[in-house]
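Report on the following structure.
Excluded from the calculations below are hydrogen atoms, water molecules and symmetry mates; all remaining heavy atoms, backbone and side chain alike, are included.
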Amino acid sequence: MNKRKICVVTGTRAEYGLLYWLMKEIQSDPDLELQIIATGMHLSPEFGLTYKQIEEDGFVINEKVEMLLSSDTPVGIAKSLGLGTIGFADSLNRLKPDILVLLGDRFEILAAAQAAMIARIPIAHIHGGELTEGLIDDPIRHSITKMSHIHFTAAEEYRKRVIQMGEQPERVFNFGAPGIDNIFKLNLPSKEQLKKDLQIDFDQKVFLITYHPTTLEEGTTKQQIEELLSALDSFPEVQLLFTKSNADTEGRIINQLFEEYVKKNKHRAKIYTTLGQARYLASLKYCSLVIGNSSSGLIEAPLFKVPTINIGDRQRGRLKAKSVIDCSPSKDDIIRAIKLSQSKDFQNSLKEVTSLYGIGDTAVKIKEKLKEIDLTNILKKSFFHVDVEV
């Protein structure tokens, strides 16, 4: 019997961290053949050439799709999308997978979905049905959902939303967020090891800061980051650990401002292009507060019972645990939120926080479904009608 070929696309370090255990599950199954396409930031020296980490983890990269222009402007991103579609067309033609696995909502993933749709390759999409109303990711995510044939959502509300979009219920599965698996399966470094590796003392108060552009807003990034950094000046006793932004529009503005701030505050601030999944999660576990607009503050941080300051509209619409404090991108509001997060009452409330995105074993469940699902006529989708009053 021929092995079912499962091709996984990854374009960023964060996304790879979410896909790692699923890739391991596919790799170790004797009835499946794992194929990997690396693209986007993985292939960029500016973002650390993180494809090397994939290889160091014991995976074979079957194809590399170069698509990332040295530009974070809307025109540059649109051109990268076009290059990616061309590259994926060639790679998928060579690999001829039975199922293409895509996660999330980035433009690299949209390029892969477009090429696979035209090539009549079934698509399995992870993290569909979510809302991030301040981002271009929202229409990208929903577009990928409509091009996909198998859906793995991170919460029941998201499963229902995918069905509301017309997808057949028997092909929409809520197995939780795959990033949760990392918390239970990775061997996370200790505080002592982190101090040695990152030059940050987690026995003291540490704020972990990750901020990405709000891609549906134009020209707001610089002011928002300046407001955030000005707010951090109000907490001079706290150590600050910055991680760099991704390759979205205006991402370089964020990285430049962070780097300049760290240079002026070397005594208490550090910045890293990438921490790697284990060190990032350990930093999340041991820090006093997560600040920014990354999904990790909503999905992983609550499991560690660490408070999150969620700034602005980037995550507007997503499910949020009680450990998440929303605030506007203004200095005064950020300061208010930080003080609230460190208050005795709020700290005590963290004991009752639970995960809204599952409790692990997501990768095993997804792999089994990819292995067993009937692909006969799966490309011929019919629209599932939900009766709603409007």
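Judged purely by atom type and a 3.5 angstrom limit, E227 uses its side chain to pair as donor or acceptor with the backbone of K331. Between the side chain of E300 and the backbone N or O of L284, no donor-acceptor pair lies under 3.5 Å. Not a single donor-acceptor pair under 3.5 Å links the side chain of R314 to the backbone N or O of G292. With N182 contributing its side chain and G17 its backbone, the two residues share a donor-acceptor pair below 3.5 Å.
No side-chain donor from either of H151 and T145 sits under 3.5 Å from a side-chain acceptor of the other. Checked by atom type, the side-chain pair Y16/Q277 shows no donor-acceptor distance below 3.5 Å.
Listed by chain and residue number, R159 satisfy the salt bridge (Lys or Arg N to Asp or Glu O under 4.0 Å) test with E156 (two or more places apart in sequence, or in another chain). Applying the ring-ring contact (aromatic ring centres under 6.0 Å, His included) test to F258 and every residue at least two apart in sequence or in another chain returns F242. Residues passing the side-chain hydrogen bond (donor to acceptor under 3.5 Å, both in side chains) test with K381 are E167, sequence neighbours excluded.
The distance from atom CG of L379 to atom CD1 of I123, rounded to the nearest 0.5 Å, is 9.0 Å. Residue K339 holds its NZ atom at 12.0 Å from OG of S343, rounded to the nearest 0.5 Å. How far NE2 of H125 is from NE2 of H142: 10.0 Å, rounded to the nearest 0.5 Å. In this structure, OG1 in T308 is found 8.0 Å from CG in N310, a value given to the nearest 0.5 Å.
Contact of the I6 side chain with the E33 side chain is not registered, since no non-hydrogen atoms from C-beta on lie closer than 4.5 Å. For the pair K244/Y272, no side-chain contact is recorded, criterion being any heavy-atom separation below 4.5 Å from C-beta on.
Residues E226 and K222 are paired through a salt bridge, judged by an N-O separation under 4.0 Å between the basic side chain and the carboxylate. Salt bridge annotation for K3-D31: absent, with no cationic side-chain nitrogen under 4.0 angstrom from a carboxylate oxygen. Note on E237 versus K205: no salt bridge recorded, every NZ/NE/NH1/NH2 to OD/OE distance being 4.0 Å or above.
Applying the ring-ring contact (aromatic ring centres under 6.0 Å, His included) rule to pairs touching residues 179-205 yields nothing, sequence neighbours excluded. Among residues at least two apart or in separate chains, there is no ring-ring contact (aromatic ring centres under 6.0 Å, His included) pair with a member in residues 276-298. Here ring-ring contact (aromatic ring centres under 6.0 Å, His included) pairs that include residues 335-384, with residues two or more places apart or in two chains, are F383-H385.
Open room surrounds CD on E352; 12 or fewer heavy atoms of other groups in view lie less than 6.0 Å from it.
Contact detail for A111 and G84: the closest heavy-atom pair is CB-C, 3.8 Å. Among all heavy-atom pairs drawn from R268 and D233, the shortest one is NH2-CA, 4.1 Å.
Residues L103 and V101 share a single hydrophobic cluster, defined by chaining ILVMFWY side chains whose heavy atoms lie under 4.5 Å apart.
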